[in-house]
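Before any comments, here is the structure.
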Amino acid sequence: MQESREPQIAKFGRDLASLRNRLVRPVHDVPVPLARGGDDTLLMLEELEVAGEELRQQAEELSESQRLVEAERVRYKTLFDDAPDAYLVTDSLGMVREANRAATAMFGLPREFFLGKPLVSFVDSAARRAFRQQLDLLCGHESTAEVVLAFTPRHGSERRVAVRIVRVGVGSSIELRWILRDVTDLHRSALRIAQMNVELTERVVERTEDLTRANAEKDALLESERRARADAEQASRIKSEFLAVLSHEFRTPLQALFGYAELLDSGVHGSLEPAQREDVRRIQLGLTHMASLVNQILDRASLDAGRLSLDIRLVPLDEALESLRALMEAQLATKGISLEIAPAGPPLAARADAEKLRQVLVNLLANAAKYTPSGGHVAIECSATGETVTIAVRDSGIGIPAGKIDAIFAPYVRLHQNDRPSLSSGLGLGLAISRDLVAAMDGSLTAESVVGVGSTFRITLPRAIVGSRVERSA
Ligand code: ADP
């Protein structure tokens, strides 16, 4: 309507000018009295002309404003059309009135077919009723929070669309302005994450159940292990007590047998034939061996029962080793094994129980004698650091396999009884007792060996300074 007003005003101006021309010419041609009346008319025409000019100016201003408004409208339309988000305008029933390019692309229809279509036609038939109800609800608010609706575009699969609606107008002139965002991928990711969460929760529950089960099993195992250990400890106690009693019972007749053998040997009951003397010697050897076994069993039993008593004093090593020579040299010599005790250099002393140390050394030398073939060699040497002294007993015997070194210190472990039946005497207790005795004296007993070359056993004990006074009993 505005556009047609400017030509009308221009036409009105032109008509006015031609009327004025027509009136001016006859006025100059008529006599003066008449011309005076004509002047009034001319005056009016002049005024009309001025009014017409003003009108024309206003019309020009109006059309300029119109042009500006139109330019703005085109700009906003372009913005609306080219916006990356989808915008729709519908009536209150969801009938599409306006749609930008993104919206037509979202619903898969060219604009001309899309306009006038109800949005419900893009909703799955089963969900249409709910959609209409939702639309009614949304119309009740001026603007809504974002809701996610499901639309199926033409020739496409269902999409999830996040929608915000702004309501403009009231009653029948309600206009709904839709801002739509395709969130299908987001929705799928959210579903996937939810699914993963469910699976994760299930796995956590499963693992927790597994753990609970494993814990219960572990507790049951621990309990049965505790019971087994208690049973084993009790059995070991009973065994030790039994062995202690048994050994004790053995000792008395053994002492008597030693006494009688001694009597026979001394010739109190008449002198002995050489063969009889040899038999008595064999009896004595057998008794000595038996007494040593009984003593070992007794020692083991008292160590197990924690009944070991120690008399810790300063023990000069030279003295200890010389008395050992007196005791063992003959035994080694019968097997053709030489014994060498290297002088300790400056006098060395250990803080130890002299009797227990002697027992350990006798045991090591007896083993050296047992596991060294005749013609072999045994050497003892001492050394010291600031805090400790070490006595090394080295033999050139059959040796011990590398992997078995630790095992030989366990009670009742014997390595050579199968391959060398001649070495089968013994209980496998000597080294176990020796290690425990040395440990009780705050020392250590270790071994190293090369099969076929020989073995070295080392007793390390706390060092005592010769001349000082050391006393401790335990
Ligand atoms: P036993 O000598 O009564 O068998 P031990 O506890 O003294 O028991 O020794 C355990 C095992 O260690 C022995 O059976 C033997 O196999 C091995 N053994 C000990 N000393 C030596 C050694 N000097 N040389 C080689 N093997 C040894």
Side-chain angles (χ1 to χ4, degrees), residues 236 239-240 243 246-247 250 285-304 308 321 324-325 327-329 331-341 356-381 390-440 443-460:
S236 165
K239 182 197 77 186
S240 297
L243 289 176
L246 198 71
S247 311
F250 266 121
L285 269 180
L287 287 174
T288 310
H289 183 57
M290 233 175 132
S292 126
L293 293 183
V294 168
N295 281 338
Q296 280 190 3
I297 291 172
L298 266 177
D299 283 342
R300 185 72 257 162
S302 36
L303 278 166
D304 284 348
L308 181 74
L321 296 182
L324 195 68
R325 184 200 294 279
L327 193 72
M328 299 300 295
E329 199 163 35
Q331 187 185 331
L332 287 161
T334 53
K335 222 183 145 185
I337 299 170
S338 62
L339 173 66
E340 180 196 349
I341 299 181
K356 303 295 184 220
L357 175 58
R358 185 179 142 95
Q359 188 181 335
V360 173
L361 284 166
V362 167
N363 184 41
L364 293 183
L365 280 181
N367 276 351
K370 215 189 306 184
Y371 301 108
T372 302
S374 50
H377 184 70
V378 176
I380 301 181
E381 58 200 44
T390 298
I391 306 167
V393 178
R394 200 185 314 277
D395 65 47
S396 59
I398 56 177
I400 302 155
K404 299 286 166 78
I405 294 281
D406 281 341
I408 57 170
F409 291 100
Y412 306 108
V413 171
R414 307 195 64 229
L415 297 186
H416 302 105
Q417 81 256 39
N418 294 333
D419 48 339
R420 292 173 196 248
S422 60
L423 306 175
S424 65
S425 71
L427 292 172
L429 280 176
L431 286 179
I433 292 171
S434 298
R435 180 174 261 190
D436 286 352
L437 286 176
V438 176
S444 63
L445 174 61
T446 56
E448 60 189 53
S449 185
V450 178
V451 172
V453 176
S455 312
T456 302
F457 288 81
R458 285 196 178 78
I459 304 167
T460 300

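Whatever order the structure lists them in is the order used to number ligands and atoms, beginning at 1. The residues of the chain are indexed from 1 along the displayed sequence.
- Under a 4.0 angstrom heavy-atom cut-off, Gly397 registers as lying outside contact with ligand 1.
- The contact set between ligand 1 and Ser455, taken as ligand atoms under 4.0 Å from a residue heavy atom, comprises 24 (N).
- For Lys356 (side chain) and Val438 (main-chain N/O), no donor-acceptor pair under 3.5 Å exists by modelled atom type.
- Shown here is Phe409, whose CZ atom has more than 12 heavy atoms of other residues, nucleotides or ligands within 6.0 Å.
- For ligand 1, none of its N or O atoms has an N or O atom of Ile398 under 3.5 Å away.
- Inclusion of Leu431 in the set of residues having an N or O under 3.5 Å from an N or O of ligand 1 is warranted.
- Near Gly428, with a cut-off below 4.0 Å to any heavy atom, the atoms of ligand 1 are 1 (P), 3 (O), 4 (O), 6 (O), 8 (O).
- Using a distance-only test at 3.5 Å, with no hydrogens or angles considered, a donor-acceptor pair links the side chain of Asp395 to the main chain of Ser455.
- Of the N and O atoms on the side chains of Ser338 and His377, at least one donor lies less than 3.5 Å from an acceptor on the other residue.
- In this structure, Phe409 falls outside the shell of residues with a heavy atom less than 4.0 angstrom from ligand 1.
- Looking only at side-chain heavy atoms (C-beta outward), Asn363 and Ile433 stay at 4.5 Å or farther from each other.
- Geometrically, ligand 1 and Leu415 share a nitrogen or oxygen pair separated by less than 3.5 Å.
- Between Glu340 and Arg325 there is no side-chain heavy-atom pair separated by less than 4.5 Å.
- Not a single N or O atom of Ala432, backbone or side chain, sits closer than 3.5 Å to an N or O atom of ligand 1.
- Residue-ligand proximity, Val413 to ligand 1, at heavy-atom distances under 4.0 Å covers atoms 10 (C), 11 (C).
- Across Val378, Asp395, Leu364, heavy-atom proximity to atom 23 (N) of ligand 1 is greatest for Asp395.
- Looking only at side-chain heavy atoms (C-beta outward), Val451 and Ile398 stay at 4.5 Å or farther from each other.
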